[in-house]
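Hydrogens, waters and symmetry mates are skipped; everything else that's a heavy atom, side chains included, is used. A note on names: the letters A, B, ... follow the listed sequences, proteins ahead of strands, and every chain is numbered from 1.
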Amino acid sequence: MSGKITMAAALNRAIDEAMAEDEGVILLGEDVAAKQGGGVFKISAGLTEKYGEHRIRATPISEQAILGACVGAALAGMRPIAEIMLMNFLTVAMDQIVNHAAKLRFMSGGQTNVPLVIRTTTGVGVGFGGQHSDMLEAWFAHVAGLKVVTPSNAADAQGLMRAAIACNDPVIFIENILCYGLQSEDPGANHIVPLGKAAVAKEGTDCSIITYGRTVLDALEVAGQLAEEGISVEVIDLRTIAPYDEETVTASVRKTGRAVVLHEAVKAYGTGAEIAARLNEKLFGELKAPVQRLGGAFSAVPMASALEQSWIPTKDGIKQAVHATMNWKK
Amino acid sequence: MSGKITMAAALNRAIDEAMAEDEGVILLGEDVAAKQGGGVFKISAGLTEKYGEHRIRATPISEQAILGACVGAALAGMRPIAEIMLMNFLTVAMDQIVNHAAKLRFMSGGQTNVPLVIRTTTGVGVGFGGQHSDMLEAWFAHVAGLKVVTPSNAADAQGLMRAAIACNDPVIFIENILCYGLQSEDPGANHIVPLGKAAVAKEGTDCSIITYGRTVLDALEVAGQLAEEGISVEVIDLRTIAPYDEETVTASVRKTGRAVVLHEAVKAYGTGAEIAARLNEKLFGELKAPVQRLGGAFSAVPMASALEQSWIPTKDGIKQAVHATMNWKK
Amino acid sequence: MKIDRDKLLDIYTRTMRIAKTDEKFRSLLMSGKFASMYYTVRGQELVSAAAMAALEPTDYLVTTYRGQHDQIAKGVPLKPLFAEIIGKATGTCKGKGGAMHITHPDSGVMVTTGVVGSGLPIANGLAMAAQNRKDGRIAVTCFGDGASNIGAFHEALNMAELYKLPVIFICQNNRYGEHTAFADHTCVDSIVTRAAAYGMKGVKVDGNDAEAMYTVVKEAADRARAGEGPTLIEAMCYRMMGHFFGADFSYMPKEHLEEMAREDPLPRLRKLMLDYQYSEAELDAILADIDAEVEAAAQFAFDSPFPDASELRIDVYEEEIAA
Amino acid sequence: MKIDRDKLLDIYTRTMRIAKTDEKFRSLLMSGKFASMYYTVRGQELVSAAAMAALEPTDYLVTTYRGQHDQIAKGVPLKPLFAEIIGKATGTCKGKGGAMHITHPDSGVMVTTGVVGSGLPIANGLAMAAQNRKDGRIAVTCFGDGASNIGAFHEALNMAELYKLPVIFICQNNRYGEHTAFADHTCVDSIVTRAAAYGMKGVKVDGNDAEAMYTVVKEAADRARAGEGPTLIEAMCYRMMGHFFGADFSYMPKEHLEEMAREDPLPRLRKLMLDYQYSEAELDAILADIDAEVEAAAQFAFDSPFPDASELRIDVYEEEIAA
Ligand SMILES: Cc1ncc(C[n+]2csc(CCOP(=O)(O)OP(=O)(O)O)c2C)c(N)n1
Ligand SMILES: Cc1ncc(C[n+]2csc(CCOP(=O)(O)OP(=O)(O)O)c2C)c(N)n1
Ligand SMILES: [Mg+2]
Ligand SMILES: [Mg+2]
């Protein structure tokens, strides 16, 4: 497959393919239909024209109704996709996700299930401020019954979206607003990336950086810089945050003996805590240095650009963390 | 102070004292006024008679309106207390907590603040099933700006409630439904327990159990049993989950060299992950065994009693975890 | 207004199956044979019997914790229902859900929720599936007066009308939400006035009037099936006991208790049956059958095994979680 | 209906301070002097100028991301406003909040929220504080037509009426929520019909009619202060540009754009001023003052320092977080 594709286009293609294949795939969200221009990030551009207004439904500003309708449609055997404009807006509808989508399979003793994809976007670095930038994946990973997915590049976005739509359980699909326009290799049609499998984005032998989403790009850049210093960094892109691909991560850290866990979300009580805790459980006594954790500062995301840039882990900070693992002595 | 008091009575007393002292203290919640019997758990019994219907407001079933009103009243300088009947119902109103209560001090650059106590109850073991038993403290600990408190006994409940009402920031105050009726020593009037300070519930030298809420009682019982085997367990009752009393916990584990982290909430991505990660960071190379984590199973809380009892950490499980730290070899 | 005589018999049978089951549960709880949070449906039996009799078995139902009457009326068989509530492996949901979460797709019971108001948006989704598939199904959701104050109610009604979904919203207005009287949680006389806020058709009905209740739901179902959109029905009724079994209800004024007793749907329906020329003997024979069915169901439940701990790893995801 | 001549001048001044500020921001964005998500208030200037002129400075206001008109009308000084939006330490919120989260308690601006509908319940709380303290204050909250479909709207209105809170809900119906036209998100002709669902007083008004808008808000404020409870006001207006600065608005039909241009509140208000016997010269002198004020504010903002990284540890809690 030659050529490049943006993450936005890749997501559009994945949804388009799934809709062509299965009439049960429908999309609900604010402004998503043709009349409104195909979604504020244009992920559903062109789909109403192909599949009609009953399958691409522009909704009122009613996140509980959107997600509830998706839960109901999923129970009836459809494969709804909900677009929730920004991740923070999930907070008005957590009940439908946590008490219903996540639990109905279990609480019904397996009689029903909720094949639902909740697409949402977020990201730090665009000056959207405190109520439009949160990264809440740790909440969802803590809830049994949900899967949590986030791509770092266009090809994975396409392949993971296809897998998420095909999944018979609810998937929280997190898109990073800063990545929509980024191009990566075009994987071609019908590309599928299985859920639950991490990718080794770059091989290395000295230290593993475990991350996901946009910070994979930062990690790769830092790994390149560190290679010049003679430090061989392995970068693991989780792709699926939950269920966690413990096998791939543990194997990497067993090999390198050192780990840096990195995400944009607030560090405290973030997914990095679980990953670090598990590494310490699995590799107690085998680690050459304490696991380093990097994440967002412990505050709301500030609007002012100067502050926002201090809020997220910087490339310098990542480099320092790797150095800290390399130079660690008791 | 002689005599015993139940946690329910202790909470009632704390609120009563605070209301007597400051007219700005008000309570909102479903069924909380005298006309409805003073709350489904009777925590506000007798208060309407003393302070009137403008200070004890029975509300419609409208959690967003309840919490929003509390946020607004707090911004105006009142000290509202919200009673949200069960913790799962916070999911319909996370926005007011996370996007507003937690962030307004920061987003306003310190011009406003939200002195609000959100009281809620939950607990596994009463057969309330999947939508009425969740322990979501990890979510709130992940959100900068919130404090998270949970008492394990009546005296602490009283003292922490007074401190929470006096606090100038929003506090999530988690009560365990199984503890309301439990009696402990009556601390007398005007008892205050500062936020952010863990208690050493029992001293010991071989292994630290770090826990909070109802499982403190289990930990103490197990510690008693293990003492007979010659294992000296220290039990740390966090009391405040966030901010985390790192000093007390680290000191304990530095002393014992072994740690079991215990909570009822789902283990994966629970607060235990953060505690374990921090212990490994602070005490890398000093721990005699990997930190053991115990928490709820990775499923919704089942209703059937037989299953529910397998869902939570059992006393046997706690004992085994301590044994695992004692017997650990590479 | 008269309804079909066979239909009335159907309603009577559904009503009494509900009443006898509820009676049995209360006696089991009273005797201590099992313990559980139990939301009695005493007083609301007829509302759902008449409503569900107006639907097709394939129609979808979403109900709430106080939903046993809806579930039985919609056709959930008593054996797995008893077993579920008692927490047995043979329950509708293998004991995992419990009384608050009865699901039984074979009878169209898709969700029972314990969160006030959350069923309404879900019912929209079921209706949306039917609308897209043009399979002629409709969705019905039942909820209380108290639920009409929560955000999900508002969002769901607006969306339903916007898309003209084949859904019926049945508010069982039993005048109380937990311990809070209707007038203490809202300032309108009727929930049904809220229909106008969405341009929706709204109908208020005496839920204890079998003929009226049946007719109103039948009309709403016909409208929905014809693509004419949703209806909000406010069925007036009484919660004849406390919020849950054993709960204090001293906050209910004496006049309300008296009014409630006068309006008891069970004697009223019995009388109507006689008006429709059913004989005492016929009715008693039905009751005897139901009694036997209820006893057998309870026995089945008590005799059934408890779920195994391995169930915690099953039904979390499609794939079983590793031990 | 005529209003006080001085009051009209006050409204004019507020309107033009809003208009000139908005114009300045758009030109700064256009020239690339700074970049930000910016929700222009073009077309809605008069609605808030007239509304806020009917309030006391101590009254509370809760508004939304599209709230610059409300904030300025309520009295937020331009220097810290510009600085906040440009992300400077001298901003109202030290740059931490930004345009979507302007707070300025000295002018009564307590919250600006970026979450649709979330301001309404908060306004209730401010009103509740005033009600308990009997301090004579009232709370006002502004929101859009799209916001009237979210759960928080419903819960807040019901609660406000139940407690007879001194609060005014001003829905600025600009006919669009993002890219969705009014008729595509709701099936009623007017948001104000929803007031009846709560037993609340509702008033619909042409928001571009200074006299009417002022009068309606003044009456609602008087009612609220007198303890007679809340009012829902639907102020009809137009969002004369895209949802945010630079956003496509090709989805708006030509007739709508024409209607919008005809209804532009700025020329209309200018005409009204002349009717009230203000001279062109007087009005121009006011504009010159405002121009100078706006320029000075922009300059102040650009000259101000950026916030320091240590600010991340301040204002999270009352106590500073350790470095
Ligand atoms: C969101 C939410 N808030 C609170 C509760 C607690 N609760 C359970 S039942 C109930 C009263 C419901 O009243 P109504 O809707 O009238 O139904 P009824 O019990 O009368 O059938 C409340 C407040 C809940 N289950 N969900
Ligand atoms: C809960 C929530 N959902 C979605 C959004 C995204 N969003 C921002 S503005 C907007 C449209 C709001 O329309 P309206 O209420 O009419 O206000 P207007 O922008 O026209 O002033 C939407 C959907 C949001 N901010 N909050
Ligand atoms: Mg009721
Ligand atoms: Mg609008």
Q | Contact class of D:A156 relative to chain C, heavy atoms under 4.5 angstrom | A | neither

Q) Around D:D248, counting heavy atoms of other residues, nucleotides and ligands shown, do more than 12 lie under 6.0 Å from its CG? A) yes

**Q.** Region of C:S190 that comes under 4.5 Å of a non-hydrogen atom in chain D
**A.** neither

Q.
Using every non-hydrogen atom in the two residues, find where D:L162 and C:C187 come nearest and quote the distance to one decimal.
A. CA-SG, 3.5 Å

Q. Should D:N158 and C:T186 be marked as a side-chain contact (heavy atoms from CB on, under 4.5 Å) after you check the CA-CA gap, both sets of side-chain angles, and the distance that decides it?
A. CA-CA 6 Å; D:N158 185 57; C:T186 179; 3.5 Å; yes

Q. Is it the backbone or the side chain of C:D184 that comes under 4.5 Å from a heavy atom of chain D, or both, or neither?
A. backbone

Q) Counting only heavy atoms not in D:D189, do more than 12 fall under 6.0 Å of its CG? A) no

Q: Please check if atom NZ in C:K201 has more than 12 non-hydrogen atoms from other residues, nucleotides or ligands closer than 6.0 Å.
A: no

Q: Answer with side chain, backbone, both or neither: which region of C:A195 has an atom nearer than 4.5 Å to a non-hydrogen atom of chain D?
A: neither

Q: Report yes if the side chains of C:I150 and D:E155 come closer than 4.5 Å at any heavy-atom pair, otherwise no.
A: yes

Q) Under a 4.5 Å cut-off applied to non-hydrogen side-chain atoms, are C:H154 and D:R194 in contact? A) yes

